Number of protein chains: 2
Amino acid sequence: MAQPAPIPRGVPEATVARLPLYLRALTALAERGVATVSSDELAETAGVNSAKLRKDLSYLGSYGTRGVGYEVEFLQHQISREIGLTQDWPVLIVGIGNLGHALSNYGGFASRGFRIAALVDADPQRTGEEVAGLKVRHSDDLDDVVKEFNIAIAVIATPAHAAQAVCDRLVDLGITSILNFAPAVVQVPEGVDLRKVDLSTELQILAYHEQRKNGAALALTAEQAVELAKAVGG
Amino acid sequence: MAQPAPIPRGVPEATVARLPLYLRALTALAERGVATVSSDELAETAGVNSAKLRKDLSYLGSYGTRGVGYEVEFLQHQISREIGLTQDWPVLIVGIGNLGHALSNYGGFASRGFRIAALVDADPQRTGEEVAGLKVRHSDDLDDVVKEFNIAIAVIATPAHAAQAVCDRLVDLGITSILNFAPAVVQVPEGVDLRKVDLSTELQILAYHEQRKNGAALALTAEQAVELAKAVGG
DNA sequence: GCTTGTGAAATTGTTCACAGCC
DNA sequence: GGCTGTGAACAATTTCACAAGC
């Protein structure tokens, strides 16, 4: 017997990565008191094109009404449920330097679904200090902290040189979702989700494009210049 | 006459996004005193597979030696040149709150190629304050600051509600490369490169996957559960 | 009449596997 | 013998364009 129907579940990664964007756009619309929105309008608000938006939403289900559009609050709820924001996730931040400090106080966290549950630092000087309403705990207590607060998601905000060791310990403690802010390549075993946020990577990507906006020719290698000359018809 | 040869230039976006990663891996190897590296080793260090690495590098040119590998320093230099890090880019940070502060002091910036040239904030209280060795200037001077320091890349680290207005002003001043840290959807006209770094987006993506690791069935919609039941053979 | 939801086409990105070269 | 560079196969993603449904 052949596969009778396509297996359900299976939202493409690219779509998953855009759901938070849609959620934010919907929140903005809800705040403006908009009750219903078309895919064109929502796409415009989220900064994507409407075909993509409709395709993305179609992976979640059939939540719109033809000829009308989407009900803002309803769609907001469906996406939240899909992402898993109907529960709330206790988040641990490791490394309470400048960046960890900023993250602890960051508004972006406030988005429902996440709660900074604990802060940890390796520096005994910082231990006990209060940041964003939480007492900073020492790294030695990592094990306890993870258990005590039932941490599922951890954020690494340590200096680059410490990132791999911290990551290894987190993985050993059973954490499988890690967000790395340290400017370092960090390896994780199969089954652990690691995402990275990296200022210098982003700047480099911008620089690449910026460089090409002006004197594009300057950036050609000698080899490529020869190719170009040929193609242009030398 | 038909197109005689493929037009050169044109490194795929996906490749561009990985060049900074390779550069970082190469830097790590150089620091360890490694002089030559194979695509397998470099790929391992960078956390990608070696076929992808070789394909990526092949878009830049033929910088390896068959049977041997790549010369670390040479490749480092080629990638730097490709990205445009042989010049250095004066960067402006707008919004010197917690996050802007952290970014100003961030080690990731130190990577050659970027220099924080100016800081700007809308709060007159902060104007004149010294952060990371620079005097914070007032937003009203944005025009002057951009000209004075020849800013090409700007970082938005303001609260969400101010992000769009700041972005519009930056665009008006001719800036075409913007990195947005504010948790808000920001629109830019054609021709402007906007990249976003967003904590809550990243957390949401992790949460999506985390949710599916345990009680995956819990996440099915009623509709999908019916589909699944059918597929399984009800 | 208007807008969603979706097959099919087009494009982009990844992996394979091996010829070419040291 | 070993490793790069790359066509060709494959997979994922985006876009098109229109049938289906309110």
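Letters A, B, ... mirror the listed sequences (proteins, then strands); counts begin at 1. If you're wondering where the values come from, they're calculated on a predicted model, not measured in any experiment.
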Protein-nucleotide distance (A:Gln78, atom CD; C:dT4, atom P), rounded to Å
16 Å
Choose from D:dT13, C:dT14, C:dT15 the nucleotide whose nearest atom is closest to any side-chain atom of B:Ala14.
C:dT14
Nearest-Å distance, CG (B:Leu53) to P (C:dT14)?
12 Å
Would you please confirm or rule out a distance under 4.0 Å between OP1 or OP2 of D:dT15 and any side-chain N or O of A:Lys52?
yes
For A:Leu60 and C:dT4, give me the distance from atom CG to atom P, rounded to whole Å.
15 Å
Run through B:Thr27, B:Thr45, B:Asp56, B:Thr15 and flag the one making a side chain to side chain donor-acceptor pair (under 3.5 Å) with B:Tyr22.
B:Asp56
Atom CZ in A:Phe114, atom CG in B:Leu206: separation rounded to 0.5 Å?
7.5 Å
Please determine, by modelled atom types, if A:Thr86 and A:Arg81 share a side-chain donor-acceptor pair under 3.5 angstrom.
no
Round to the nearest Å and state the distance from B:Tyr59 atom OH to C:dT14 atom C1'.
9 Å
Please round to the nearest 0.5 Å and tell me the distance separating atom CD of A:Glu44 and atom CD of B:Gln187.
5.5 Å
Without decimals, in angstroms, what is the distance between B:Glu13 CD and D:dT14 C1'?
15 Å
Could you tell me whether the side chain of A:Trp89 and the main chain of B:Gln204 form a donor-acceptor pair under 3.5 Å?
no
Under 4.0 angstrom between A:Ser39 side-chain N/O and C:dT4 OP1 or OP2:
yes
Between the OG1 atom in A:Thr176 and the CG atom in A:Leu194, the distance rounded to the nearest 0.5 Å is 11.5 Å
Does the ring centre of A:Tyr70 sit less than 6.0 Å away from the ring centre of A:Tyr63?
no
For nucleotides 18-22 of chain C, give me every protein contact, N/O to N/O, under 3.5 Å, one pair per line with atom names.
unit_1	atom_1	unit_2	atom_2	d
C:dG20	N3	B:Arg66	NH1	3.1

Distance in angstrom units between A:Glu71 CD and C:dT4 C1', rounded
15 Å
Is there a side-chain polar atom (N or O) of A:Tyr63 under 4.0 Å from OP1 or OP2 of C:dT3?
no
Side-chain (A:Lys196) to main-chain (A:Ala182) donor-acceptor, under 3.5 angstrom
no
Between A:His209 and B:Glu13, is there a side-chain donor-acceptor contact under 3.5 Å, judged purely by atom types and distance?
yes
Just call it for B:Asp40: base, sugar-phosphate, or nothing, with non-hydrogen atoms closer than 4.0 Å on any strand.
nothing
Report the distance from atom NZ of A:Lys55 to atom C1' of D:dA17, rounded to the nearest whole Å.
12 Å
Which of the following nucleotides, C:dG5, D:dT14, C:dT14, is nearest to the side chain of A:Ser62?
C:dG5
Return the 5'-most residue of the pair A:Pro12, B:Leu57 with respect to DNA chain D, ranking by each residue's nearest nucleotide.
B:Leu57
Stem finding on DNA chain D, please: runs of three or more consecutive Watson-Crick or G-U wobble pairs, both distances under 3.5 Å, sorted by first number.
C:1-22 with D:1-22
So, does B:Asn49 get its side chain near the phosphate of C:dT15, meaning an N or O under 4.0 Å from OP1 or OP2?
yes
Tell me if a side-chain donor or acceptor on A:Arg212 pairs with a main-chain N or O of A:Tyr208 at a distance below 3.5 Å.
yes
